[in-house]
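See below for the structure under consideration.
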Protein chains: 2
Amino acid sequence: MGDSEQLLIYLAEKGALKKEIELSTIKISKEFKSSQQTVSRKLVELEKNGMIHRIPSTRGIKIQISDKGIEKLRNIHVKLNNLFTAKASAIKGKVESGLGEGSYYVSLGKYYEQFKDKLGIVPFKGTLNVKVDYIDFINLISNQNKITINGFKTENRTFGDIVSYKVKVNGVPSAVVIPKRTSHDRDVIEIISGTNFRRKFHLKDGDEVEISL
Amino acid sequence: MGDSEQLLIYLAEKGALKKEIELSTIKISKEFKSSQQTVSRKLVELEKNGMIHRIPSTRGIKIQISDKGIEKLRNIHVKLNNLFTAKASAIKGKVESGLGEGSYYVSLGKYYEQFKDKLGIVPFKGTLNVKVDYIDFINLISNQNKITINGFKTENRTFGDIVSYKVKVNGVPSAVVIPKRTSHDRDVIEIISGTNFRRKFHLKDGDEVEISL
DNA sequence: ATTACTAGAACACGAGTAA
DNA sequence: TTTACTCGTGTTCTAGTAA
């Protein structure tokens, strides 16, 4: 047991997963936060536990991680994989104040019609601003269908395309709308829906909502 | 330090990554190979190191892994990912004009020092703006180590944290810097580097560069 | 039930050093 | 130069037990 895994990962990073590498306990001890003696002892331990093959000499140590050691690392990898990659079908976010630009867009007929047709949403007037971890958010929707709401021009202004994705917010079918140019934080997303979230869920700023697929 | 990571992974598997879980030191000690007392002490330690939030009572303990703890686990995950999944991924982008906000940030001492220390980059004054497919970009870096450049305050202004990732641009070690608040298009990323790209590669606006890991 | 303190025992650390 | 042993010291363990 113990923290020998740390050392094993270190050795793996040094290339000992696939081939024999040659280094010294002094070098390791310098990159690790322990003495030459401790490194030496831990390597002996790792060998005793069958995690590595070890050929010491007066000119250094040749090390290769054994099948059992590889298995050990792969075990940890799988565990963490399950935790971090597999099932990110929902993320959490916090309600933020501000009407959001989307609030304005929603009211524009040309957009409004497309929200109904393409997203199946008769938008409540106003958007819900939610702060999320942007990378988690992108990972969540990166495999989803991107639905483009076409822009249009008036005499005075050009309204650009809006990228949108269908999501559920606290289980309620909604859509994230992403105008191309934005002026608020990257990690604040705008949600449109037929539901008035603030009323239905009694949301105040800072309250948590769940965004799922 | 030590082997607290083992316990952290255990807690994550029990669901403490996303929500608060309720269990007891006795239960943990049975699944772990140590005593109730040791588990109790290690949990206190984990809390002291900021890895978990912990609410003890006479009816058990409520535990949730903190952001710092998640970061720790993700770090290990990234390391193992790099070892076990071979990926030679790269995306392409187009150079855009504009000095970018990063150009300004780079010159600020508090950021500058961190670029050197945390990213190993002595930044050339000015950033390279590159237009990419944002989703491809996120997928590229989503398994990379997130490096946070801490914000700071002056009398007049608050400068927020900057999230950054090490990348290579046309093979040159660089970093993507993502200020929290931005005013340009989402799919334009800013690159800092010790190299003056425009000069070295004779880049004009619209020229293609390769971003790799 | 719990958590977690105290205290003595077991263990790990690293300076010195042999080989 | 190495690795790794001995051994004094410090750290971490768990049984007992208070709260």
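Quick note on labels: first sequence line is chain A, next is B, and so on, each numbered from 1.
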How close or far is atom C1' of D/dT1 from atom NZ of A/Lys27, stated in whole angstroms? 12 Å

Within this structure, what is the CD1-to-P distance between B/Ile26 and D/dT17, rounded to whole angstrom? 16 Å

Count the heavy atoms belonging to other residues, nucleotides or ligands that lie under 6.0 Å from NZ of B/Lys94, then report whether that count exceeds 12. no

Have a look at B/Leu43 and say if it touches a base, only the backbone sugar-phosphate, or nothing, with a 4.0 Å heavy-atom cut-off. nothing

Any chance you could list the contact pattern along nucleotides 13-19 of chain C? Use B for base contacts, S for sugar-phosphate-only contacts and - for none, protein heavy atoms under 4.0 Å, 5' to 3'. BBBB---

Evaluate the side-chain proximity of A/Leu43 to A/Ile28: yes if any heavy-atom separation is below 4.5 Å, no if none is. yes

Fit a plane to each ring of B/Phe152 and B/Phe159, take the angle between them on a 0 to 90° scale, and name the class: parallel (under 30°), tilted (30 to 60°) or perpendicular (over 60°). parallel

Checking the side chain of A/Asn49 only, and the main-chain atoms of A/Leu46 only, is there a donor and an acceptor separated by less than 3.5 Å? no

Separation of D/dT2 P from A/Leu23 CG (nearest whole Å): 12 Å

With a sphere of 6.0 Å drawn around CG of B/Asp67, does it hold more than 12 non-hydrogen atoms of other residues, nucleotides or ligands? no

Heavy-atom neighbours of B/Arg157 CZ exceed 12 at 6.0 Å: yes

Within this structure, what is the CD1-to-P distance between A/Ile28 and D/dA4, rounded to whole angstrom? 11 Å

If you count the non-hydrogen atoms of other residues, nucleotides and ligands that lie under 6.0 Å from NZ in B/Lys168, is the total more than 12? no

What verdict does the side chain to side chain donor-acceptor pair (under 3.5 Å) test give for B/Gln36 and B/Ser29, after you've listed the backbone C-alpha separation in whole Å, the side-chain angles of each residue and the deciding distance to 0.1 Å? CA-CA 5 Å; B/Gln36 175 271 325; B/Ser29 72; over 6 Å; no

Would the distance check show the side chain of B/Ser174 and the main-chain N or O of B/Ile191 forming a donor-acceptor pair, the cut-off being under 3.5 Å? no

Helical stems, DNA chain C - three or more consecutive Watson-Crick or G-U wobble pairs below 3.5 Å: C:2-19 with D:2-19

How would you label the contact of A/Ser40 with the nucleic acid (heavy atoms, under 4.0 Å): base, sugar-phosphate, or nothing? base

To the nearest Å, give me how far apart CD (B/Glu22) and P (C/dA1) are. 17 Å

Between B/Ile52 (CD1) and C/dT3 (P), how many Å, whole number? 12 Å

Calculate the interatomic distance between A/Leu46 atom CG and D/dA4 atom C1'; express it in whole Å. 15 Å

